[in-house]
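Single-structure report; data block below.
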There are 2 protein chains.
Amino acid sequence: MSEKPVSSAGLRRDMEILEVLAGHGDGPDADGFGVNWIAERLGREKSQVSRALRALEAEGMVERDPVTRRYRLGWRLFSLAARTQQSRLVRVAEPFLRHLATLFDEDTHLCVLRGEMVLTLSSVPSSRAYHRIWEGVSVPVIMAAAGRSLLADWEDGQIRELLRAALPSGLDSAISGEEQWLADIEHVRAFGYAVTDVELEDSAAGVSAPVREHRGLIAAAISVSVTRTPAESRMREMGAVVAETARRLSTALGLPPGAPGPGSDRSPDPAGSAGGR
Amino acid sequence: MSEKPVSSAGLRRDMEILEVLAGHGDGPDADGFGVNWIAERLGREKSQVSRALRALEAEGMVERDPVTRRYRLGWRLFSLAARTQQSRLVRVAEPFLRHLATLFDEDTHLCVLRGEMVLTLSSVPSSRAYHRIWEGVSVPVIMAAAGRSLLADWEDGQIRELLRAALPSGLDSAISGEEQWLADIEHVRAFGYAVTDVELEDSAAGVSAPVREHRGLIAAAISVSVTRTPAESRMREMGAVVAETARRLSTALGLPPGAPGPGSDRSPDPAGSAGGR
DNA sequence: ACTTATTTTGCGCTGAATGCAACCAAACAC
DNA sequence: GTGTTTGGTTGCATTCAGCGCAAAATAAGT
């Protein structure tokens, strides 16, 4: 029996080409691939690949280095993705939130960082809900359970700065709070989730995990609030699950499997060596 | 005369569809788009659009909400976009942008030159954000605050040519605008940053500075838009900081610390600009 | 139930993609 | 310089895949 042509031939070819161009690891060095190499790798006619690439270039899907004559992925892809990621986030996240909400039977939220505030984009309530509606509500970063996850990529210096501006200064509790915060964030970096206890803040306890968009930047955080605080071990279990869910959501958003964002290639301090560390 | 078939028909159609899906804002709300709506908007047969979308879905370029039956861009596109040259740039630049954004509490952008348009790669909003999302959006060079920084290495003749093509010709304002532009660009060459006032253009004021890649070529520009225009001196202070940050970013991108690219090898300039500022 | 709105499918017809081979252009060797 | 290798584009006849129309299917109101 013949396979039904789900995808048109031309598109399939184009996608294969793009996929080859995306795979920057096996081929000859970092920047770009030549027509011949691509054709050989795909087992296609050079002429087809040549023509297809010209067409793709005209559309901005690929761009060609004028001197080396090699192709790589183009700005158009970036542009398309960048414009849509925002609105996509909520829709793609919904099933994941629902999954967590039913699994734990706790309120689950999707939050983003806006300035120094955490904005809750959407919430899925638990079954036994008397619940407050948090959608559209902003709270300061330090108050929010999701805050730790959202700041995970920040430089320590910037985090301190932010905390000092927000916490009542001079108090011992502030100092310890600051250290606690940094420890929590280190925990996020290491294990992919944060456990928030009910400390100085009045918000409920909960766990949260960062969600990364296609480029690897933290775009949002999933947070599960916990009403009756359970045992420490239980919280960690939940954390691991939430982290895994956040990771899957990140993949659904287009995050390439390989690198979970900055942290691997720690970039130099943008503030320069001026600040004390 | 026959138009030369630069791009294949199928690809063109697919790109138009993707472009529609990316353009949220005008259509029916934030949700995706239906086959009919897309077909009507493109002036194409519904059947074509339907089939094309199914093919695109099979490739993961678009995805369909199973309940609303509407399409939106898919994970594959984002995954590809993440491996773009631009994406790498964004990742490295992000901490630098965030630094500037919190330092000045103003919207900060990373822009690249694409043809005669300036494409905004990423934006870090200020805390008081009323903010439009500029990511992935292109504006003409002359309209963008970052334009001056991006064109800093161009020959004066080419810049004039570009400006004449863009500005309304014959007007006095155009002439003065052209001279102003060249003066601004000379300022970039000398001091490493540009201050954009609100002149004939409707864009906001701001400062910008060019970012150079490893070869010393201008690869992007950092621009900080300023909402309430502050004093001239304040703008210069900001400019110096932005220029310094751009320089650090350039280093992070692999630019050898010594040579800030073309401009240094211009005229000998014995007047002692060696110290930079 | 009916009616409307929206999407998919069947099917001849036409035009555009295909593959081969010839052609072009650098790069490298001698 | 001449010849050779490697990498890329173009001409052209054949054929197959996409095209549009209209009808069928599906979902959504009423």
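Numbers restart at 1 for each chain; the letters A, B, ... are given by sequence-line order, proteins then strands.
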OP1 or OP2 of [N] under 4.0 Å from side-chain N/O of [X]:
| X | N | answer |
| --- | --- | --- |
| R69(B) | dA28(D) | no |
| S50(A) | dT9(D) | yes |
| R51(A) | dA16(C) | no |
| R70(A) | dG8(D) | no |

Just the rounded figure in Å: distance from [atom2] of [N] to [atom1] of [X].
| X | N | atom1 | atom2 | answer |
| --- | --- | --- | --- | --- |
| E45(B) | dA17(D) | CD | C1' | 17 Å |
| N36(B) | dA27(D) | CG | C1' | 13 Å |
| E40(B) | dT7(C) | CD | P | 11 Å |
| R13(A) | dA17(C) | CZ | P | 8 Å |
| R54(A) | dG8(D) | CZ | P | 13 Å |
| L11(A) | dC19(D) | CG | P | 12 Å |
| D65(A) | dG7(D) | CG | P | 16 Å |
| K46(A) | dA25(C) | NZ | C1' | 13 Å |

(message) Using a distance-only criterion (donor-acceptor N/O pair, under 3.5 Å, no hydrogens), is the base of dG18(D) paired with the side chain of Q48(B)?
(response) no

Ion pair present between [X] and [Y], side-chain N to carboxylate O less than 4.0 angstrom?
| X | Y | result |
| --- | --- | --- |
| R76(B) | D14(A) | no |
| E19(B) | R83(A) | yes |
| E57(B) | R54(B) | no |

(request) Check every atom of dT18(C), dG8(D), dT10(D) against the side chain of V35(A) and return the nucleotide holding the closest atom. (result) dG8(D)

(request) Answer yes if the side chains of S138(A) and R114(A) hold a donor-acceptor pair under 3.5 Å, and no otherwise. (result) no

(message) Surrounding CD of E244(A) (heavy atoms of other residues, nucleotides or ligands, distance under 6.0 Å), is the total greater than 12?
(response) yes

(message) Please compare G10(A) and S47(A) by the position of their nearest nucleotide in DNA chain D and report the one closer to 5'.
(response) S47(A)

(message) For a quick check of understanding: with a heavy-atom distance under 4.0 Å over all strands, which category does R64(B) fall into, base, sugar-phosphate or nothing?
(response) sugar-phosphate

